[in-house]
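Reckoned from all heavy atoms, side chains included, excluding hydrogens, waters and symmetry mates.
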Amino acid sequence: MDSSAMAPSGSAEGAKSASMSRSANNNANVTKRLQTELMSLMMSTTPGISAFPNDGNLLEWTGTIVGPEGTPYAGLSLKLSFDFPANYPYEPPTVLFKTPVYHPNIDFAGRICLDILKDKWSAIYNVQSVLLSLQSLLGEPNNASPLNGQAAELWDKDPAEFKRLVLARHRDDDE
């Protein structure tokens with residue numbers, strides 16, 4: 001067998017090895033970034049938000065937001081899931097509300113309409129900034145871009161009915 005017959009195989013192996021090396025390096029970078037974010041969250045004195053990895057898996061977290069005072073969500077505890085992509089922080093995490101939430105920008109599956117989780121994402125954002133943005137969204141919905149049209153309408157027209165539906169939809173984990 002001549003050496004030219006082995007060259008394509010060798011270069012394919014080299015490319016595969018380089019790709020695996022980049023992937024491992026990227027995973028190490030994602031892990032380091034998420035460990036740093038976790039430490040930052042644990043050291044933070046920001047009230048009403050927290051997040052931790054699920055069973056030690058740094059790519060899947062559970063977050064908690066306490067509804068801000070002066071909003072229909074005041075005092076309610078809301079759970080979220082964070083799934084981080086392999087190229088985080090260059091792509092946003094997938095964030096869903098696990099606690100049922102009645103809100104103009106959250107659908108009944110827990111999907112969230114928030115620009116920083118979509119086209120306005122930047123690597124400068126982190127778990128803490130996402131949690132704070134979501135906490136703020138609870139009191140200041142974007143009714144111009146609702147996922148729940150009824151909630152958007154009631155937010156302005158009938159705050160008492162809106163609050164009733166918030167409480168009717170909310171369930172704690174223990175229930």
Side-chain angles (χ1 to χ4, degrees), residues 27 29-148 151-152 154-155 159 162-175:
N27 288 347
N29 290 339
V30 171
T31 297
K32 184 175 180 182
R33 165 76 182 240
L34 289 171
Q35 288 171 331
T36 301
E37 289 192 33
L38 179 59
M39 287 304 298
S40 176
L41 266 168
M42 290 171 62
M43 303 299 282
S44 171
T45 57
T46 306
I49 62 166
S50 65
F52 297 96
N54 297 342
D55 300 321
N57 181 351
L58 272 176
L59 296 179
E60 295 177 8
W61 292 26
T62 296
T64 305
I65 297 174
V66 175
E69 291 302 316
T71 73
Y73 307 93
L76 299 179
S77 180
L78 307 167
K79 297 264 188 238
L80 303 105
S81 67
F82 283 76
D83 287 312
F84 297 93
N87 57 347
Y88 180 79
Y90 303 106
E91 291 292 323
T94 299
V95 183
L96 298 170
F97 273 93
K98 291 304 185 188
T99 303
V101 181
Y102 186 78
H103 187 277
N105 305 116
I106 303 164
D107 71 12
F108 287 139
R111 292 181 297 249
I112 305 160
C113 182
L114 181 64
D115 59 357
I116 69 164
L117 292 175
K118 307 284 186 243
D119 58 325
K120 299 290 188 206
W121 175 258
S122 167
I124 63 167
Y125 294 122
N126 59 30
V127 173
Q128 185 170 1
S129 60
V130 169
L131 288 169
L132 289 170
S133 294
L134 290 170
Q135 192 178 45
S136 176
L137 184 69
L138 291 175
E140 301 171 18
N142 178 0
N143 284 339
S145 181
L147 285 178
N148 181 337
L154 285 176
W155 177 269
F162 184 91
K163 170 85 175 185
R164 186 189 73 74
L165 291 170
V166 164
L167 296 175
R169 178 123 174 88
H170 182 269
R171 285 194 314 268
D172 285 323
D173 286 351
D174 299 335
E175 294 179 21

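- Heavy-atom minimum distance, P146 versus A152: CB-CB, 3.7 Å.
- Rounded to the nearest 0.5 Å, atoms CG (L134) and CD1 (I65) are 4.5 Å apart.
- Relative orientation of the F162 and Y73 rings is perpendicular, given thresholds of 30° and 60° on the angle between their planes.
- The shortest side-chain heavy-atom distance between V30 and Y90 does not fall under the 4.5 Å cut-off.
- Between R111 and I106, every side-chain heavy-atom pair lies at or beyond the 4.5 Å cut-off.
- The line from OG1 of T36 to CG of N126 is 10.5 Å long, rounded to the nearest 0.5 Å.
- Legend: residues meeting side-chain hydrogen bond (donor to acceptor under 3.5 Å, both in side chains) with N105, ordered by chain and number and at least two apart, are absent.
- Closest of all the heavy-atom pairs between Q35 and L58 is CG-CD1, 3.5 Å.
- You'll find the side chain of L114 stays beyond 4.5 Å of the side chain of V95, heavy atoms only.
- Here L96 contributes atom CG and L80 contributes atom CG; the two are 8.5 Å apart, rounded to the nearest 0.5 Å.
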Do L78 and H170 pass the side-chain contact (heavy atoms from CB on, under 4.5 Å) test, and can you show the C-alpha distance, the side-chain angles, and the key distance before you say yes or no?
CA-CA 8 Å; L78 307 167; H170 182 269; 3.5 Å; yes

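- Ring geometry, Y88 versus F84: the interplanar angle exceeds 60°, so the pair is classed perpendicular (tilted spans 30 to 60°).
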Is there a side-chain contact (heavy atoms from CB on, under 4.5 Å) between N29 and K32? Walk through the geometry before answering.
CA-CA 5 Å; N29 290 339; K32 184 175 180 182; 5.7 Å; no

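- Note: F97 and H103 fail the aromatic proximity criterion, with ring centroids not under 6.0 Å apart.
- The two residues S145 and C113 make their nearest non-hydrogen contact at OG-SG, 3.4 Å.
- Within the 4.5 Å cutoff, the side chain of L41 has heavy atoms near those of the W61 side chain.
- Taking both residues in full, the closest heavy atoms of Q135 and P68 are given as O-CG, 3.4 Å, listed atom of the first, atom of the second, then distance.
- Judged by distance alone, the side chain of W155 and the main-chain N or O of N142 form no donor-acceptor pair under 3.5 Å.
- Surrounding CG of N57 are more than 12 heavy atoms belonging to other residues, nucleotides or ligands, all under 6.0 Å away.
- Annotation: salt bridge (charged side-chain N to carboxylate O under 4.0 Å, His left out) contacts of R169 (sequence neighbours excluded): none.
- Residues G75 and E69 share a closest heavy-atom pair of N-OE2, 4.3 Å.
- Between L131 atom CG and S44 atom OG the span is 10.0 Å, to the nearest 0.5 Å.
- In terms of modelled atom types and a separation under 3.5 Å, the side chain of E37 and the main chain of V127 share a donor-acceptor contact.
- For the atom pair T31 OG1 and L38 CG, the distance stands at 12.0 Å (nearest 0.5 Å).
- For the atom pair OG (S133) and CG (L117), the distance works out to 8.0 Å, reported to the nearest 0.5 Å.
- When each of T62, T99, T64 is paired with K79, the side-chain hydrogen bond (donor to acceptor under 3.5 Å, both in side chains) condition holds for T64 and for no other.
- Two residues are said to be in side-chain contact when any heavy atoms from C-beta on lie closer than 4.5 Å; L76 and L167 meet this criterion.
- Of all heavy-atom pairs spanning K163 and P72, the tightest one is NZ-O, 3.2 Å.
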